Structures are given as C-alpha cells and as structure tokens.
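Counting starts at 1 for both ligands and their atoms, following the listed order. Just so it is clear, the model here is predicted, and its values are computed rather than measured.
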Amino acid sequence: MEKAFSKNLINIEPYVAGEQPRSADIIKLNANENPYPPSPEVHKAIAAFNADGLRLYPPMDAAPLRQAAADFYGLDRSCVFAGNGSDDVLAAAFRAFFNSDKPILYPDITYSFYPVWCELLKIPFRTIPVDEGFNVNVEDYYTDNGGVVLPNPNAPTTIGLGRDRIEELIKHNRESVVIIDEAYADFSGVSCVPLIKKYDNLVVTQTFSKSRALAGMRVAIALADPYLISYLDAVKDSYNSYPMDAVSICAGTAAMRDREYFEATCGKIVATRQRVTKRLRELGFILPDSSANFLFATHPDHTAREIFSYLRENGIYVRYFSKPRIDNHLRITVGTDEQMDKLLELLEKLINK
Ligand code: PMP
C-alpha cells in the first residue's frame, strides 16, 4: 500500500557507478581507477599520521591541501577550493553557479552524473549532441544559457579539445560560468588551469581519484578566480563545513607534492594506452585516439554487450552503458601492462574464433 508520505519522497534516478567485484582476482577495468599505488609519500604521510589529532575537527578549508595545489600550479591559495572527491566539488559548483532560469548546456554523451545533479537541484538543462565521431563542437555552445559544464577530455568518449578551443568556448560565454571537468586531463597534457587568471567565469575541477591514485580517499579540487571560490566556500559552509577529513587532507597534500611520481605513473599509463590502442585496432576494434586513462571501443563483428559478458565471465570487468548512441561501445580502463596483456589475449581468442 502506498504510504501517505510517499508523495513527499524524492523522485530521482541515481547515478550508477562501475560494479565492485567481490573477488580480488578480478581485473577491474570499469571505473577508470589508477592501476598503480599512490605515491610513496602518501604511504609515509598516512603511517606518520597521529590519530590523537582526530579528536579535533579537521581544518575547515583543508588549507594544507589548497596550499599544495596552489604551489603545484603557481597560483595564490585563494584560487583553490578542495572537497570530498570531484563529485562533491562538482555538486557544490552546480549549486553555487547554476541558478539561472535558462538551461545549462552539456554534451548529450558525457559524464552521466550531470543530469542527476540537474534533477536533484532542479536545474534546467539542454544537451548538445556530439557529432558522429563523438566530437564536441564548441561553436554549438555559442548560445544563450545558464552555464556550461564540459569534461575535457570528455567521458566516456576519451576525446579531448585543445586549450585554444576551450578558450573560444569561454570567450563566447562571458555571461555564464563555464565548468571544465578535468578528471582525466593529466593523461592528455592539456589543462585549462592557466586560463583561470584570464577569465573570471572559468572553474576547473580536478580529481585525485585517477592520476593521483586516491579514489579510495575522496580528494578533489576546483581552481578559479577567488571571487568564484568564495561562492564555492559559501555553499560548502551552508551544507557541510568539513567535507574533507584530516586523513584525506594529509594524503592529498602528500600526493600533490610528489610531482615526480605523479608524472612517472601518468607517463606509464599513457605508454600502455598507446600500445593497447594499436593492438585493439589490429584486432578490428574502432576507437578514437584517447586523451584519458581509458579507451572507448566498438567492434564491427561482436556487440559490446557480448564482449562485456565474455570478459566478465573470464574475470575482467569493463564498463558497458546501455544508452542511446553508445550502446555498442565499451569503456575500458587502462591498467598495468600485465592486466592489458590478459585483456588482449582474451580478445584475440574471441575475435580469431
Ligand atoms: N568527472 C568525471 C568526468 C568522471 O568520470 C568522474 C569519475 N566517475 C568524476 C568526475 C568524479 O570523480 P571523483 O568523485 O572520484 O573525484
């Protein structure tokens, strides 16, 4: 029987994350996690962490982490916001910046959390179709709007735009806030962070879940003009003053300060990505050049659903979306060379059957 209060319950279709396997033997290539461990500096920082300090609230503004990010990019600390993973930072940004009656714009094929936040926060939105090759054409965004959000590179398509293209997008949207979601930018070599000094309507978000191997810690930042950062802080302080716990701040700071390890592991992932892309093409897969730590592939002779199930039965999880336009594609995270060799071996068997 329907309860009287049922009509007051939220009516929302939540975001569905990649499946978490129960067995450690599974090769997990379905959530774009980093196959390498976090920096040795993170291990040291956590080992040295004094639990006595946990009786106190953590620094409200995650100051050490904001300072480390500011130093990394040569910015003032007032240009940095920090939060509990970029889902938290993006949700704060949607709340802070998307309060117009006009629709916000984002691609029809993109990170599937954006429509969830729009629904949750009652933000009007309009999706802009990517072209046949999944490319975002920035000219399509030169239209009246309540804001723009765009991942660069885009997910799950793996396609990145040059900084000059994003700059055009920002220039043509000076009346709105433009959020560039750089969850995967560290694998593309293209970041729009240098543009925040030039454009006070730009917000760049970055996560530590991918390139800094801290998905389990929940750490992310936003970089923008201090004026916009003050609005993110206002939302944070109206919702949860301490989104980041003391251990996350400590681990995130250590990760941010170890540039050498970060560059080395990103470099390894990019090298594996290039090698696997080439081999997948030899096996008949069609996939764009990836600018991220994952691949977006389709095969003319085998459906994505079939390949997904075959890999799953053989202990490899990849991501399949049963969504219009992409329901014959697989999103495959770039793992270690060893993991990718196992994937390739299985795919070779299937294709040469
Ligand atoms: N943006 C994009 C484009 C993503 O793919 C993800 C990962 N699912 C996120 C943001 C969120 O990452 P996290 O909350 O782990 O920082």
Enquirer: Would you mind listing which atoms of ligand 1 come within a distance below 4.0 Å of any non-hydrogen atom of S209?
Expert: 13 (P), 15 (O), 16 (O)
Enquirer: Could you tell me whether the side chain of N201 and the main chain of N173 form a donor-acceptor pair under 3.5 Å?
Expert: yes
Enquirer: With sequence neighbours excluded, give me every salt bridge (charged side-chain N to carboxylate O under 4.0 Å, His left out) pair touching residues 137-146.
Expert: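 Applying salt bridge (charged side-chain N to carboxylate O under 4.0 Å, His left out) to every pair that reaches into residues 137-146, excluding sequence neighbours, yields K102-D144, E139-R165.
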Enquirer: Note the single closest protein heavy atom to atom 12 (O) of ligand 1, along with its residue, its atom name and the distance in Å.
Expert: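 Checking every protein heavy atom, the shortest distance to atom 12 (O) of ligand 1 gives S86 OG, 3.2 Å.
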Enquirer: Is it true that E41 and R257 have a side-chain N and a carboxylate O under 4.0 angstrom from each other?
Expert: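 No salt bridge links E41 with R257.
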Enquirer: Is there any ring-ring contact (aromatic ring centres under 6.0 Å, His included) pair reaching into residues 278-304, and which pairs are they, with sequence neighbours excluded?
Expert: F134-F296, Y184-F294, F285-H299, F296-H329, H299-H302
Enquirer: Taking the six-membered ring of F208 (Phe, Tyr or Trp), confirm whether the NZ or CZ of R212 is under 6.0 Å from its centre and within 45° of its axis.
Expert: yes
Enquirer: Do NZ/NE/NH1/NH2 and the carboxylate oxygens of R275 and D341 come within less than 4.0 Å?
Expert: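 Salt bridge between R275 and D341, a charged N being under 4.0 Å from a carboxylate O: yes.
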Enquirer: Mark up the atoms of ligand 1 that fall under 4.0 Å of a heavy atom belonging to D87, in ascending order.
Expert: 9 (C), 11 (C), 14 (O)
Enquirer: Please state which option from Q206, K210, M217, E182 has its nearest heavy atom closest to atom 7 (C) of ligand 1.
Expert: K210
Enquirer: Which of the numbered atoms in ligand 1 are below 4.0 angstrom from a heavy atom of R218?
Expert: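 Counting atoms of ligand 1 from 1, those under 4.0 Å from R218 are 13 (P), 14 (O), 15 (O).
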Enquirer: So if I count the atoms of ligand 1 from 1 in the order they appear, which ones are less than 4.0 Å from some heavy atom of T207?
Expert: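 Listed by number with element: 13 (P), 15 (O), 16 (O).
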Enquirer: I'd like to know if Y184 contacts ligand 1, where contact means a heavy-atom distance under 4.0 Å to any ligand atom.
Expert: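 It does; at least one heavy atom falls under 4.0 Å.
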Enquirer: Looking only at protein heavy atoms, which one is nearest to atom 8 (N) of ligand 1, and how far off is it?
Expert: Y111 OH, 3.2 Å
Enquirer: Identify the closest protein heavy atom to atom 3 (C) of ligand 1: which residue and atom is it, and at what distance?
Expert: D181 OD2, 3.4 Å
Enquirer: Would you verify whether the NZ or CZ of R95 falls within 45 degrees of the ring axis of Y239 while also being under 6.0 Å from that six-membered ring's centre?
Expert: yes
